[in-house]
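Scroll down for the structure; my scribbles are underneath it.
Protein chains get the first letters and strands the later ones, always in sequence-line order, with residue 1 at the start of each.
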Number of protein chains: 2
Amino acid sequence: MTEQTAAPRVPTTARDRARAEVMSELLAAARARLESEGSAALSLRAVARDLGMASSAVYRYVPSRDALLTLLIIETYDAVGEVAETVARTSDAGPAQTWLEVARAVRRWALDQPYSFELIYGTPVRGYRAPDDTVRPAVRMWGVIIGLLMDADRDGVLDPAGPDFDPAGRMAPEAFATAGYTDPATVPDDVARIAIRSATLFTSLVGAISVELFGHLHRVAEDRSRFFDVTIATAAAGVGLRITLD
Amino acid sequence: MTEQTAAPRVPTTARDRARAEVMSELLAAARARLESEGSAALSLRAVARDLGMASSAVYRYVPSRDALLTLLIIETYDAVGEVAETVARTSDAGPAQTWLEVARAVRRWALDQPYSFELIYGTPVRGYRAPDDTVRPAVRMWGVIIGLLMDADRDGVLDPAGPDFDPAGRMAPEAFATAGYTDPATVPDDVARIAIRSATLFTSLVGAISVELFGHLHRVAEDRSRFFDVTIATAAAGVGLRITLD
DNA sequence: TCACAAGAGAGAGCACCGCTCTCGTTTCGC
DNA sequence: GCGAAACGAGAGCGGTGCTCTCTCTTGTGA
């Protein structure tokens with residue numbers, strides 16, 4: 001058991017390569033059906049037909065329909081996390097304005113592939129219990145938000161007039177791992193006070209998109225893009241980020 | 001065609017009464033299954049079994065599974081609207097604090113019957129297009145929110161330091177029917193400026209409950225009840241309502 | 001090199017679903 | 001009282017997730 005921990009002797013046999021290829025075709029076909037018809041209509045049999053194989057054969061690759069959905073969920077968290085991180089990284093505006101850009105980008109992404117947004121931020125699939133594999137990709141969005149708040153605080157543009165609530169017991173210690181605090185006990189109080197504000201930003205983002213996508217602005221909002229901006233900017237104001245519109 | 005518009009001669013025949021009774025049993029059974037297993041698992045055949053009748057017989061009362069869901073959706077909008085209206089009506093606190101009470105009550109209601117919340121504020125049922133019957137009950141929540149904002153403005157407790165965005169084109173004229181303005185052209189500008197703030201309150205409420213109920217606070221929030229309060233209060237601060245916590 | 005085990009695919013089958021059609025039976029209105 | 005409408009039951013269609021068995025291919029260790 002000395003060097004056994006390394007990869008066991010170039011295991012890419014023909015069968016392995018074939019398996020990997022079928023697996024990726026399977027995921028691609030599933031993604032295509034997901035994005036055209038939604039997760040509720042995602043049928044394992046239909047995916048099998050798309051691939052020209054028997055439905056029973058699919059079970060050689062995926063243990064159940066729910067497991068297939070889980071793979072898509074992880075992919076999707078990573079996709080939207082990537083969108084948010086890219087905008088946050090490349091924007092040259094201040095933290096407040098950058099947050100608006102991030103929110104707009106996520107909204108755009110959600111409108112382009114609504115069923116993917118639903119998959120992760122809508123009603124959870126019945127009987128589905130998120131395995132730990134989904135936690136890491138899911139937390140990327142929180143990382144972006146907390147990062148922006150830290151930046152704003154450092155730059156002195158985090159409006160101190162915003163409400164300041166005691167963070168004690170309101171945020172789980174693990175949440176600060178994103179900000180680099182591996183030991184929960186060492187999180188400074190001011191960092192906690194800032195981090196808890198991320199909840200309102202996250203909620204306003206997911207909430208605003210959900211509300212629009214799920215039809216609750218029917219006969220309420222006219223120009224939905226501008227409506228979204230106002231919603232995000234107003235919530236951000238409560239957090240202490242001053243966003244300028246128009 | 002003079003007095004024909006009235007009810008046609010006391011139509012409560014034995015058959016009519018039986019039909020109404022079966023119909024209400026049907027809805028009750030469907031509601032029970034909905035609240036115990038969720039809308040995705042709501043099967044018309046199962047409901048039929050609960051009632052001891054053949055599945056085909058159910059179609060004498062309801063044209064399709066989606067139509068049955070629509071009936072439940074309307075009931076549910078009315079139930080949650082009732083919760084919000086009751087709290088708003090009976091609270092003797094100021095508008096800001098009343099809003100917190102409303103939000104807490106709605107959250108409590110959602111936690112008590114999560115599948116009902118999902119039914120109306122989660123992912124829409126596939127292939128489902130909200131008929132107009134659902135609009136009136138759905139709009140009750142907006143009515144409560146706009147009413148509270150009007151109260152706050154009248155009482156002079158609507159913080160003028162909150163961001164003020166041009167409402168032009170951002171709110172559909174019909175939305176003001178709730179506030180008593182039947183003709184959209186007559187809505188004063190200051191009313192529109194206030195009404196558009198309702199979006200952030202609505203979004204923060206639905207968003208905060210969704211985020212909690214759908215599992216996105218896993219390893220983020222510790223005390224979820226207090227976390228909810230902070231989220232709502234922070235968003236409300238952006239709107240201009242000062243909520244006091246603790 | 002060759003045998004054996006593991007992997008892969010196909011097909012039948014089970015229990016469930018939404019929905020339709022047909023068939024008797026009951027009830028209502030003229 | 002009689003014809004029509006409403007009602008309930010049952011069979012059946014095509015679809016679903018998933019399991020089991022069977023055959024064939026492929027990789028590996030002796």
Looking only at side chains, do A:Arg31 and A:Thr76 share a donor and an acceptor under 3.5 Å apart? yes
So B:Ile232 and B:Arg104, do their side chains get closer than 4.5 Å, heavy atoms only? no
Would one find a side-chain N or O of A:Ser43 under 4.0 angstrom from OP1 or OP2 of D:dG17? yes
With a 4.0 Å limit, can you tell me whether B:Tyr59 has a side-chain N or O closer than that to the phosphate oxygens OP1/OP2 of D:dG8? no
In terms of side-chain heavy atoms of B:Thr13, which of D:dT28, D:dT16, C:dC28 is nearest? C:dC28
Starting the side chain at C-beta, find the nucleotide from C:dA10, D:dC18, D:dG8 nearest to A:Ser55. D:dC18
What about B:Arg60: does its side chain form a donor-acceptor pair under 3.5 Å with the base of D:dG8? yes
Any salt bridge between A:Glu21 and A:Arg17, counting N to O under 4.0 Å? no
For the student: nearest non-hydrogen atoms of A:Ala235 and A:Ser204, plus distance: CB-CB, 3.5 Å
Starting at atom CZ of B:Arg33, determine the distance to atom C1' of C:dG18, rounded to an integer number of angstrom. 15 Å
Does A:Arg45 get its side chain close enough to the base of D:dG17, under 3.5 Å, for a donor-acceptor pair? yes
Is there a donor N/O on one and an acceptor N/O on the other, under 3.5 Å, for the side chain of A:Ser56 and the base of C:dG9? no
Identify whether any heavy atom of A:Leu51 sits under 4.0 Å from a base atom; if not, whether one sits that close to sugar-phosphate; answer base, sugar-phosphate or nothing. nothing
Is any side-chain nitrogen or oxygen of B:Arg19 closer than 4.0 Å to OP1 or OP2 of D:dC7? yes
I want to confirm an ordering. Mapping A:Pro63 and B:Ala54 to their closest nucleotides on DNA chain D, which one lands closer to the 5' end? B:Ala54
